[in-house]
Structures are given as structure tokens and as C-alpha cells.
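What follows is a single structure, written as C-alpha cells, with notes after it.
Side chains included, hydrogens not; waters and symmetry mates left out as well; all remaining heavy atoms used. Sequence lines set the chain letters: A, B, ... in the order given, protein chains first and strands last, and positions in each chain run from 1.
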Amino acid sequence: MISKAVIEANNLAGNKGLDHLREILQNEAPHLLEERQKKERRVGLPELSNAEKGKVVLRFAPNPNGPLSFGHARGIVINGSYAKKFEGELILRFDDTDTSVKPPLLEAYQQIPKEAEWLLGFPPHRIVIASDRMEHYYEYAQKMLSDGFGYVCTCSAESFREFRVAKSECPCRIQEMSTNIDMWQKMLDGTFKPGDAVVRVKTGMELKNPALRDWPALRIQDTETNPHPREEIGSKYRVWPLLDFQSAVEDHLQGVTHIIRGKDLMDSTRKQTLLYQHFGWNYPETMYWGRVKVHEWGGFSTSQMRRDIEAGLFEGWDDPRLPTISALKGRGITSEALRQFWIELGVTQKDISVPLATLYSHNTKQIDDDAPRISFVRNPFKIEITGEHENSVTTSVHPNHDSMGIRTFDVSNNSIFIEKEDSDKPKLRLKEFADFDMDGNSAKFISKARSDKRPIVHWISESDCHKAKLIYPNNEEILTIDGVLENHEYESGTMVQVERIGYGILIDSSTIMFTHD
RNA sequence: GCUCGUAUAGUGUAGUGGCCCAUCAUAAAGGACUCUCAUUCCUUUGACCCGGGUUCAAAUCCCGGUACGAGCACCA
């Protein structure tokens, strides 16, 4: 029936042309034609399901075991952008419940909120520190035990692994509720030592996904010999929640509506959903992104960076070779470029590998309009200029923006620098100045106007420059290129465009950190 | 091993059954403009993992395969 009609219509189109069909539609069903408008390409973030303006609560929960890195920026930018878009809230939460494997770094508690604000353009609406919220976690742990959907398990990790694989229940699972409460007290009071006992959630040992079977919720840490780095916490608690429990309870307490995180935490969602069912709560909407690698960096981890810094391989967290937020900021990457970069990548579950060129192109767009042009001569080669040339040369600070002013070079003493590499060109044009013919370390004036297509090179007059260096962070090492820099009065932190070289940021009046081409 | 997820140009990304001989960006190549190897602009090259199926119609739905990734921690 339909097929017949379609064939008929197709024949009609074939015989009399599409316009004929349009005419018929125009007469009989004009609304169908309106839908033929080409759909707009979606730009920016994908839709957020079940999101109501003003009622969206998102969170970003890093472990403060170091300052933020490039990868963290994704969590901040994506969650923060949704919070902004829906006029909701972004919670910055410190998941600092591990004191031995990934111990928190005290400085990070100060640094992360600042970096988050820089990235977002606004401060997070709430800051929550898990280690301040221990009483809440204890409360729900107890409820879990007294309501019978949690138990204290004294099996070793190894033997429980066997139960998990075999889909069989461990002996602790059938303990009386009162026994569990009793053992919970022994966890708290120190009768049990680290490794002796954990609290587990009863999710079911027969679950087909082994990751979900009676997962551990709280464990004991030796905070006597290994205290929590926050002084106010220190050795105060022995029993600590694991991520899945802490995060699940805290998300509920904070009223989180949407969780957007890496897809490596998909099983966390499933574990936590089972816990939510026990408590009778509704799990937030979730979205995931895949793994990101950067061509130039490969993988990187905060823990590894911390070890390398402590081993003296890097100067600190802001070492320009490191993929940290502070390093990128110090190298002249703008927060707007980082935001656009992450939003462009979107929230897909694909594992991707991106080149830094993508980030750099966003950054160029941000900085070029405001970056004053400046002349830096690498490996300076001094030449004497001869002939009837003018005594001073002026050029613009920015070729596209006259309003940024002019630069003036005094060439009355005939002494200028060009790059060593340019010195073997027999004929060259000193940019904005004049054509010269080279002869060893002197150059003869030919004409002010361009006389031919000789290469244009940048230069600096000796009287208007000072010794300077260009810092060029490479993958492994930091190259320093000596040279002379045009005199200027820009403040440290100014982004400049170094003529014929690329963009850079002024570290001080005679040091430029190379940003990118 | 068990479980889960993903697969569109070199790299990212749009696309949720007919607007798709597939979008946009970036990269590459060429060109215009320009007294920077900058910026801006134009052009070109270039992709639906494979095999079945459903349907009048599949990048889109289903099944199988392959590849890659993740979880199965008393880490986050």
C-alpha cells in the first residue's frame, strides 16, 4: 500500500520533475513542505535530559591529590557550562577520603577553587569537602546496617574475590543485624585494624556483572601513622567511606540532579543506583565522556606527576612541560580557549586522541586581536648599515589595529641586529624599513620602497633593544634561546605576537615564554 | 574469564528512518590580501568498521563479527 504510493510518487517525480511534486504538495499539504527546511547543525553542548531551568545541580569532584590538570578541565568546563546554561549550581567537591593510595595535597585545597574559577569565569556555587562530612557518612552507614542492607565483612580481599567470582555468599552476609552493629562499633573503636573488616552493601552475589556484587562501602585506614593531611581531620577518623558510598550519599544530600563524568565510572552509577534503591532515593540523570589523550602528551596521571615533581624531574606543578592548568595558564593558554576546546569535543563516549593544534587554534582566535607585535631576534647577528637611509623607522604595534599605536626604531647609529639565519641571504628587506644588499657584516642601503621580491626579515636597532631570552618548552626539555628583544613597557603576563616566530607570554621584560605558532 | 561501553574525512564533531552522493571545525595542499612563517578571506582533497537482516527507504533500527576502551581495588 505504502510501497505502491511511494513508487507512484517516484515515477511522477521522474516523469514530470520534482517541481511538479512540490506544486501538488503546495496545493494539498503545504505543511509538509515547511518541514523540508534544512535542519540547523547543533552547536555547543548536547541537550540535558530532564533539566529544568533554575533547578539543575551539578558537581565536579576531584581528588585533591594535586592541582587540576588538563583532563580535569573537561569536568569543570562541561559541568559548569551546563550549570550556567540552566541557571543552576555547580558544586566543587573534594573527594579526599583516601589517605594512603592517593593522599590529598594540602595546597590543592586552596589552588583548585582558584583554578576552577579561572576556568569557569565564575566561582563554583558550593564547595564541599568530603572529610568534613564524615558524620553524615557514618549516619547512613549505620542506617544501612540497621535496615539490613549492609553488613560488616571480615573476609580478606582475596577470599572475597573468590566469593565474587563464584557468585557465592560469604559467611558474614547472613550475620544478625545486631552482630553487624556490634562489629561496626569495633571498626570505629579500633578493635578491628585496617584490613580486618569492611562494610559492604548487599546488592546480590548472583548479579551478572561481577563489579556490582556486594561492593565495599567503608573501610579502615591507619590514620595514626598516616594521618589525613588536613590538620583539623588528622587522626580523627579510622573508618572511611570509599568513593562509591561517599559520592552516592553526598550527591543525595546535596540534591545533585545531573552527574556528568567519565565513562570509566559507568559501573559506579550501577553500584550507586543499587544503593539508592535500598535507601529509596532517585538516582540523578547521568552522562559520560570517553577517555581523552593528547597526541603530544600521551597519558598522564596526577599521582605520576606528583612523584616526578618530588623526584626533581620538574620544577613544580606549573612547569611548562606539564599538562596542568597552572602550566597551561603560565604558557599563555586562555581559559576561553580551554572552554571552547572542551565544549567542541562535547560529551561523547568515544575514546579520543586530540592534537594540541586544536587547542592552539582556539587560543590564537582569543589572543591575536589584542597581542602587540614585538620583535625578538634569535642568535643576533650585528650588521652595519651604509648609505643614505632615514634615521628612524616607525611601524605599527598591530597591523590590523592602528589604535594600538606605533613603534619607533632609531637607526641613526647604523647598528642593527638580524637573525644569524637571515644573515646569509645576499639581499633582504628589513621589514618596514628598506631594501639592503648584504656584504659580510655590513649591509648597503638600496631603496626605501620595495625594489624586488627579496625576502622580508625582522630586525632590531641596537639602540632600541636589550638582551632577552625565549623559553621554548619542548616535550622533555626546556629550550632557552638567547637573543635581543625590542624595548617595551608591557607588563608581565602580556600576550605578544613575536614577529615571524609565534605567540608568547611575557614572563618579565626580557623573558618570553613561547606559547604556540 | 565475566560485565559494560564505543565505532562518521588525518584529527575532532553534527546527524536519532526519507531533508545526507552526509554538517562544522581543525589539519594538509593551493590561492587572495598583507612590508611577519601572524591575522583575515577563498578553493581543493578527504569519512558513515565489516557482514547479514528489517523496511518502499538505513549513517540512523536489529543480529553477528572485528577493533578499541573501561569495570570486576579495603584508589578516585
Inset, instruction - Select base, sugar-phosphate, or nothing to describe what S100(A) touches, counting heavy atoms under 4.0 Å on all strands. - result: nothing
Inset, instruction - Check if the side chain of R429(A) and the base of rC35(B) share a donor-acceptor pair of N or O atoms closer than 3.5 Å. - result: yes
Legend entry - Partners meeting side chain to side chain contact (heavy atoms under 4.5 Å, CB included) with L470(A) (sequence neighbours left out): F376(A), I481(A), I501(A), I512(A), F514(A)
Legend entry - Paired and unpaired positions of RNA chain B as dot-bracket, Watson-Crick or G-U wobble under 3.5 Å, | denoting a partner strand: (((((((..(((.....[.....))).(((((.......)))))....(((((..]....))))))))))))....
Legend entry - Pairing residues for E158(A) by the salt bridge (charged side-chain N to carboxylate O under 4.0 Å, His left out) criterion, not counting sequence neighbours: none
Inset, instruction - Could you tell me which residues satisfy ring pair (Phe, Tyr, Trp, His ring centres under 6.0 Å) with F445(A), sequence neighbours excluded, listed by chain and number? - result: F436(A)
Inset, instruction - Go through the structure and list residues passing side chain to side chain contact (heavy atoms under 4.5 Å, CB included) with T395(A), not counting sequence neighbours. - result: R407(A), F409(A), E432(A)
Legend entry - Heavy-atom donor-acceptor pair, K431(A) side-chain to rC35(B) base, under 3.5 Å: no
Legend entry - Donor-acceptor pair present, Q497(A) side chain and rU39(B) base, under 3.5 Å: no
Inset, instruction - Kindly write out the residues that satisfy salt bridge (charged side-chain N to carboxylate O under 4.0 Å, His left out) with E390(A), not counting sequence neighbours, or none if the list is empty. - result: K448(A)
Inset, instruction - Describe the nucleic acid contact of Q349(A) in one word from base, sugar-phosphate, nothing, applying a heavy-atom distance below 4.0 Å. - result: sugar-phosphate
Legend entry - Partner residues of D132(A) under the salt bridge (charged side-chain N to carboxylate O under 4.0 Å, His left out) criterion, sequence neighbours left out: R230(A)
Inset, instruction - Indicate, with a heavy-atom threshold strictly under 4.0 Å, whether S375(A) touches base, sugar-phosphate, or nothing. - result: nothing
Legend entry - Proximity to the side chain of L242(A) - top-ranked nucleotide from rU11(B), rU36(B), rC75(B): rC75(B)
Polar-atom pairs under 3.5 Å, protein N or O versus N or O of nucleotides 24-27 of chain B: list them with distances, or write none.
unit_1  : atom_1 : unit_2  : atom_2 : d
rC24(B) : O2     : R41(A)  : NH2    : 3.2
rA25(B) : O2'    : E344(A) : OE2    : 3.4
rU26(B) : OP1    : K365(A) : NZ     : 2.8

Inset, instruction - Check RNA chain B against residues 393-401 of chain A and give the residues with a non-hydrogen atom under 4.0 Å, in numerical order. - result: P399(A), N400(A)
Inset, instruction - Return no unless some side-chain N or O of R373(A) is found under 4.0 Å from OP1 or OP2 of rU36(B). - result: no
What pairs of nitrogen or oxygen atoms, one from the protein and one from nucleotides 64-71 of chain B, lie under 3.5 Å apart?
unit_1  : atom_1 : unit_2  : atom_2 : d
rG69(B) : O4'    : D351(A) : OD2    : 3.2
rG69(B) : O3'    : R291(A) : NH1    : 3.4
rG69(B) : O2'    : D351(A) : OD2    : 2.9
rA70(B) : OP1    : R291(A) : NH1    : 2.7
rG71(B) : O2'    : D267(A) : OD2    : 3.1

Inset, instruction - Go through the steps for Q349(A) and M266(A) under the test side-chain contact (heavy atoms from CB on, under 4.5 Å), then give the verdict. - result: CA-CA 11 Å; Q349(A) 292 185 27; M266(A) 272 182 162; 3.0 Å; yes
Legend entry - Whole-angstrom distance between rG46(B) and rG69(B), as gauged at atom P: 30 Å
Legend entry - Pairing residues for R173(A) by the salt bridge (charged side-chain N to carboxylate O under 4.0 Å, His left out) criterion, not counting sequence neighbours: E169(A), D214(A)
Inset, instruction - Mind checking side chain to side chain contact (heavy atoms under 4.5 Å, CB included) for R291(A) and listing every partner two or more places apart, or none if nothing turns up? - result: K293(A), D351(A)
